[in-house]
Number of protein chains: 2
Amino acid sequence: MVHYQTRLDTTFAALSDVTRRGVLEQLGGSDASITDLAQRFDMTLTGMKKHVSVLEQAGLVTTEKIGRVRTCKLGPRQLEEAAAWIEQHRQLWSARFDALDEIVENLNRKEKGNARSRK
Amino acid sequence: MVHYQTRLDTTFAALSDVTRRGVLEQLGGSDASITDLAQRFDMTLTGMKKHVSVLEQAGLVTTEKIGRVRTCKLGPRQLEEAAAWIEQHRQLWSARFDALDEIVENLNRKEKGNARSRK
DNA sequence: TTGATAGTGAACCATATGGTTCACTGTAAA
DNA sequence: TTTACAGTGAACCATATGGTTCACTATCAA
């Protein structure tokens with residue numbers, strides 16, 4: 001049905017790494033340079049740069065280089081899509097589980113009824 | 001703070017593949033065997049088995065083998081965790097963006113004020 | 001002008017991922 | 001009792017991922 005598969009792919013993939021989720025939390029607090037982040041997560045500049053690139057690719061982060069420092073900020077609200085997907089399916093899920101609950105309950109009730117009528 | 005990093009890793013990783021998200025949608029409709037799914041997604045049995053294993057590992061799907069067919073159902077509600085993480089950060093996000101909006105607005109207002117006083 | 005600093009890119013490495021084929025087991029059906 | 005079917009596991013393949021080092025560029029500061 002939907003067509004943003006690839007976007008969702010990259011978004012979820014970006015979120016599937018502890019370090020990157022950490023970076024997002026960090027940036028939730030305040031903007032930071034690559035160096036800041038590399039230090040905080042005990043990693044090479046190059047390594048952190050890669051993570052930031054992945055996040056940027058996924059639109060979760062935006063960066064701007066001023067002079068020689070690149071500042072990273074939380075990006076446009078791409079989490080929305082991921083949230084929407086999950087939410088949609090969570091509801092589906094719940095519906096099914098609720099249905100299941102109901103069936104089970106009905107069975108229990110019948111069970112009781114049968115037990116009573118069998119007496 | 002939180003400690004379920006690994007769980008989140010596997011959940012998000014599981015969701016980062018189109019086929020697997022497709023399987024989840026499929027199972028949202030009705031339970032299915034590996035063969036069913038393999039056909040529907042034009043893939044080897046072995047390949048689909050792997051996907052199902054990943055989903056099962058992530059707790060998004062449960063399976064039960066009866067006779068020679070393994071039936072896959074939506075699993076316990078592991079989406080909750082992922083949803084919770086995203087929701088939490090979405091709010092953080094929004095807060096920051098709202099703050100930004102406010103700052104911009106204030107700047108605009110000041111701008112106007114200055115313009116007026118400069119006249 | 002000379003260092004130090006911040007980031008970048010290429011090359012490399014080990015491991016993971018998404019897929020296949022092939023050989024096998026266990027179950028169902030004729 | 002054969003034969004067909006559903007699934008499994010091992011081996012393999014190409015590509016992606018998460019990380020490193022090293023050599024380089026650009027910029028800031030003394």
Side-chain angles (χ1 to χ4, degrees), chain A residues 5-27 30-73 75 78 82, chain B residues 5-27 30-73 75 78 82:
Chain A
Q5 319 280 35
T6 333
R7 279 278 283 280
L8 271 184
D9 277 10
T10 58
T11 305
F12 281 129
L15 291 176
S16 75
D17 182 275
V18 208
T19 304
R20 283 192 298 259
R21 288 199 305 278
V23 168
L24 289 180
E25 296 191 356
Q26 183 64 29
L27 295 182
S30 63
D31 301 350
S33 69
I34 307 272
T35 303
D36 292 343
L37 295 169
Q39 268 168 215
R40 169 108 24 185
F41 292 90
D42 191 28
M43 182 175 300
T44 326
L45 266 185
T46 313
M48 182 48 74
K49 173 69 189 333
K50 279 194 181 180
H51 279 305
V52 168
S53 297
V54 170
L55 288 168
E56 203 172 4
Q57 190 82 14
L60 294 168
V61 153
T62 61
T63 71
E64 188 190 9
K65 194 170 180 180
I66 298 179
R68 58 184 171 177
V69 17
R70 175 175 299 277
T71 303
C72 313
K73 314 176 196 294
Q78 306 291 4
Chain B
Q5 319 280 33
T6 333
R7 279 278 283 280
L8 272 184
D9 276 10
T10 58
T11 305
F12 281 128
L15 292 177
S16 75
D17 181 277
V18 208
T19 304
R20 282 190 300 258
R21 287 199 305 277
V23 168
L24 289 180
E25 296 191 356
Q26 183 63 28
L27 296 183
S30 64
D31 300 350
S33 70
I34 307 271
T35 302
D36 292 343
L37 295 170
Q39 268 169 215
R40 169 109 22 186
F41 292 91
D42 191 31
M43 181 175 300
T44 327
L45 265 187
T46 313
M48 182 50 73
K49 173 73 191 329
K50 278 193 182 183
H51 280 305
V52 168
S53 296
V54 170
L55 288 167
E56 203 171 6
Q57 191 80 15
L60 294 167
V61 153
T62 61
T63 72
E64 188 189 9
K65 193 169 183 180
I66 299 178
R68 58 184 173 179
V69 18
R70 174 174 301 277
T71 302
C72 313
K73 315 175 195 293
Q78 305 291 4

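These numbers were taken from a predicted model, which means no experiment stands behind them. The sequence lines fix the lettering, A, B, ..., with proteins before strands; numbering per chain opens at 1.
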Enquirer: Among D/dA4, C/dG18, C/dT8, which is the nearest nucleotide to the side chain of B/Asp17?
Expert: C/dG18
Enquirer: For the backbone of A/Ala13 and the side chain of A/Arg20, can you confirm whether one donor and one acceptor N or O come within less than 3.5 Å of each other?
Expert: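 Indeed, once roles are kept as given, a pair shorter than 3.5 Å links the two residues.
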Enquirer: In whole angstroms, how far is the P atom of C/dT5 from the NZ atom of A/Lys65?
Expert: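 Atom-to-atom, A/Lys65 to C/dT5, this comes out as 17 Å.
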Enquirer: Distance check needed: C/dA6 C1' versus A/Leu37 CG, whole Å only.
Expert: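 Roughly 13 Å, once rounded to whole Å.
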Enquirer: Find the distance A/Asp9:CG to C/dG18:C1' and express it as a whole number of Å.
Expert: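 Going from A/Asp9 (CG) to C/dG18 (C1'), I get 12 Å.
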Enquirer: For A/Val69 and A/Ser33, which heavy atoms make the closest approach, and how far apart are they?
Expert: CG2-CB, 3.8 Å
Enquirer: With a 4.0 Å heavy-atom cut-off, tell me which residues in residues 39-54 of chain A come close to DNA chain D, sorted by residue number.
Expert: A/Met43, A/Thr44, A/Thr46, A/Gly47, A/Lys50, A/His51
Enquirer: Could you state the atom-to-atom distance from CG of A/Leu15 to P of D/dG18 in whole Å?
Expert: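 Going from A/Leu15 (CG) to D/dG18 (P), I get 12 Å.
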Enquirer: Report the distance from atom CD of A/Gln57 to atom P of D/dG18, rounded to the nearest whole Å.
Expert: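 Distance, rounded to whole Å: 13 Å.
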Enquirer: Quick one: does A/Ser53's side chain get under 4.5 Å of A/Lys49's, heavy atoms only?
Expert: yes
Enquirer: Does the side chain of A/Thr63 come within less than 4.5 Å of A/Thr71's, by heavy atoms?
Expert: no
Enquirer: Tell me: CZ of A/Phe12 to P of D/dT17, nearest whole Å?
Expert: 16 Å
Enquirer: To the nearest Å, how far apart are B/Arg70 CZ and C/dG26 P?
Expert: 14 Å
Enquirer: Can you measure from OG1 (B/Thr11) to CG (A/Leu15) and round to the nearest 0.5 angstrom?
Expert: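 Here the interatomic distance stands at 11.5 Å.
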Enquirer: In terms of the nearest nucleotide of DNA chain D, which residue is placed more toward the 5' end: A/Arg20 or B/Asp36?
Expert: B/Asp36
Enquirer: Can you tell me how far the CD atom of A/Glu56 sits from the SG atom of A/Cys72, to the nearest 0.5 Å?
Expert: 7.5 Å
Enquirer: Measure from the side chain of A/Arg68, starting at C-beta and using heavy atoms only, and say which of D/dC28, D/dC5, C/dT8 lies closest.
Expert: D/dC28
